[in-house]
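In what follows, a single structure is set out as structure tokens and then discussed.
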Amino acid sequence: MAETVDAAPTAKPEAIHLKDYRPSDYLIDSVELDFSLAPNATRVRSRLKLRPNPEAGSTNAPLHLDGELLTLVDIKLGGKKLDPSDFKVRKGSLTLKKPPQKPFTLEITTTCDPEANKALSGLYRSSGNYCTQCEAEGFRRITYFLDRPDVLATYRVRIEANKDEAPVLLSNGNLLESGDLPKGRHFAVWEDPFRKPAYLFALVGGKLAHVSDTFTTASGRKVELAI
């Protein structure tokens, strides 16, 4: 087990000019996230399907993932746990030294502290509710990721929490399933089949009220609405 707690960044953001743009060396096609919400130690398991970017023009490039205020618990490549010599954790990043030069799956488990996150960026707590703010670069406070707007992926998200603390669990897209779990916990699975950048990711868990109705489309499909 490798554990590294990242310190909060102190440097001012630097301007990025269009003339300096270069494509990402790798792309992420799909993202599976599994959240176990807890006020001071939320566990996030991510499963990323990556591939080298043919437009990057680089070969054998290391994979640099952004990450802030995270504790790394575990990292697996193709289902195999990596040796600490295979990667490097630094302030603000996790680097895979020699990623495969073909499509591959990377699984990363981290923890973060929503209660201590007072920057209102990433995953944080507000009035007892779990909230996210990922624009412009907040997703890197949720898990290690290619946190840049030109990396688009589909998302499938499973959220688990204490039912009394967070009876409503929301994320982007369509609700696939939900149910109760032992010890007073419950879960919900959401899927967004449309590719999007990480800054559009959203998650909410808490005591929320809503007004609901249904709408029937021209094709006869019934859609549930909730505000």
Side-chain angles (χ1 to χ4, degrees), residues 1-9 24 26-50 63-79 81-82 86-96 99 104-117 119-125 130-149 151-161 169-173 187-192 195-205:
M1 178 184 296
E3 295 189 1
T4 301
V5 178
D6 205 352
S24 173
Y26 296 88
L27 299 174
I28 302 175
D29 290 320
S30 68
V31 179
E32 294 181 16
L33 298 171
D34 189 327
F35 288 82
S36 181
L37 298 178
N40 300 112
T42 288
R43 188 203 68 219
V44 182
R45 292 176 176 168
S46 69
R47 191 170 188 267
L48 312 177
K49 291 189 175 180
L50 300 104
L63 170 64
H64 299 289
L65 300 177
D66 304 299
E68 295 177 358
L69 302 177
L70 302 173
T71 298
L72 178 64
V73 177
D74 193 41
I75 179 170
K76 297 178 181 178
L77 176 61
K81 187 174 181 178
L82 291 181
D86 296 326
F87 60 91
K88 179 73 173 180
V89 178
R90 295 179 178 174
K91 182 178 178 180
S93 69
L94 183 154
T95 299
L96 195 64
F104 62 97
T105 300
L106 192 64
E107 299 171 78
I108 304 172
T109 302
T110 57
T111 61
C112 61
D113 187 343
E115 192 71 62
N117 183 1
L120 306 185
S121 175
L123 176 65
Y124 62 94
R125 295 249 291 174
Y130 295 91
C131 309
T132 59
Q133 169 58 45
C134 296
E135 191 173 1
E137 296 180 337
F139 196 80
R140 65 189 63 192
R141 292 190 169 193
I142 294 174
T143 186
Y144 287 103
F145 202 76
L146 289 171
D147 193 8
R148 45 187 291 169
V151 174
L152 310 180
T154 61
Y155 285 72
R156 181 185 178 98
V157 181
R158 181 185 182 277
I159 312 167
E160 178 184 320
L169 304 173
L170 304 175
S171 191
N172 308 81
F187 77 97
V189 179
W190 293 83
E191 183 178 53
D192 189 349
R195 292 177 177 270
K196 65 171 180 275
Y199 72 80
L200 292 180
F201 174 81
L203 179 151
V204 177

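Positions are given from 1 along the sequence.
Within the model, atoms CG of Leu33 and OG of Ser171 stand 8.0 Å from one another, a figure rounded to the nearest 0.5 Å. In this structure, Arg140 CZ and Ser121 OG are separated by 9.0 Å, a value rounded to the nearest 0.5 Å. Atom CZ in Phe145 sits 10.0 Å away from atom SG in Cys134 (nearest 0.5 Å). Note that CD1 of Ile28 and CG of Leu106 are 9.0 Å apart. Values are rounded to the nearest 0.5 Å. Ile108 CD1 to Leu96 CG: the interatomic distance, rounded to the nearest 0.5 Å, is 8.5 Å. Atom CZ of Arg141 is separated from atom OG1 of Thr132 by 13.5 Å, given to the nearest 0.5 angstrom.
Between the side chain of Thr154 and the main chain of Ser30, no donor-acceptor pair closer than 3.5 Å is present. A distance-only check finds a donor-acceptor pair linking the side chain of Asn172 to the backbone of Leu200 [under 3.5 Å]. Checked by atom type and distance alone, the side chain of Asn117 pairs as donor or acceptor with a backbone atom of Leu123 at under 3.5 Å. Using a distance-only test at 3.5 Å, with no hydrogens or angles considered, no donor-acceptor pair links the side chain of Arg45 to the main chain of Asp34. Looking at Trp190, its side chain never comes within 3.5 Å of a backbone N or O of Leu203 through a donor-acceptor pair. Looking at Ser24, its side chain does come within 3.5 Å of a backbone N or O of Tyr26 through a donor-acceptor pair.
Taking the six-membered ring where tryptophan is involved, the planes of Phe35 and Phe201 are essentially parallel, since the angle between them stays under 30° and well short of 60°.
The side-chain tip of Arg125 points at the ring of Tyr130 from less than 6.0 angstrom away and within 45° of straight on.
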Please report the C-alpha distance between Leu70 and Ile142 in whole Å, then the side-chain angles of each, then the deciding distance to 0.1 Å, and finally whether the side chain to side chain contact (heavy atoms under 4.5 Å, CB included) criterion is met.
CA-CA 7 Å; Leu70 302 173; Ile142 294 174; 5.9 Å; no
Show your working on side-chain hydrogen bond (donor to acceptor under 3.5 Å, both in side chains) between Ser93 and His64 and close with a plain yes or no.
CA-CA 7 Å; Ser93 69; His64 299 289; 5.6 Å; no
Given side chain to side chain contact (heavy atoms under 4.5 Å, CB included), test Ile159 with Leu37 step by step and report yes or no.
CA-CA 7 Å; Ile159 312 167; Leu37 298 178; 3.7 Å; yes
Could you go through Glu191 and Tyr155, starting from their C-alpha distance and side-chain angles, then the distance that decides it, and tell me whether this counts as side chain to side chain contact (heavy atoms under 4.5 Å, CB included)?
CA-CA 6 Å; Glu191 183 178 53; Tyr155 285 72; over 6 Å; no
Apply side chain to side chain contact (heavy atoms under 4.5 Å, CB included) to the pair Thr111 and Thr42, showing each step before the final yes or no.
CA-CA 5 Å; Thr111 61; Thr42 288; over 6 Å; no
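Counting heavy-atom neighbours within 6.0 Å of Lys196 NZ, excluding the residue itself, gives a total above 12. More than 12 heavy atoms of other shown residues, nucleotides or ligands fall within 6.0 angstrom of atom CZ in Arg43.
Looking at heavy atoms from C-beta onward, Leu82 lies out of side-chain contact with Lys76 at the 4.5 angstrom threshold. Contact of the Asp86 side chain with the Ile75 side chain is not registered, since no non-hydrogen atoms from C-beta on lie closer than 4.5 Å. Residues Gln133 and Tyr124 form a side-chain contact, since some pair of their non-hydrogen atoms from C-beta on lies under 4.5 Å apart.
Taking all atoms of both residues into account, the shortest heavy-atom contact from Arg47 to Lys49 is NH1-CE, 3.7 Å. The shortest heavy-atom contact between Pro114 and Pro39 is CD-O, 3.1 Å. The two residues Ala198 and Asp147 come nearest to each other via the heavy atoms CB-OD1, 3.9 Å.
Looking at Arg195 and Asp29, a side-chain N of the basic residue comes within less than 4.0 Å of a carboxylate O on the acidic one, giving a salt bridge. Using a 4.0 Å cut-off between a side-chain N of Lys or Arg and a carboxylate O of Asp or Glu, Arg156 and Glu32 do not qualify as a salt bridge.
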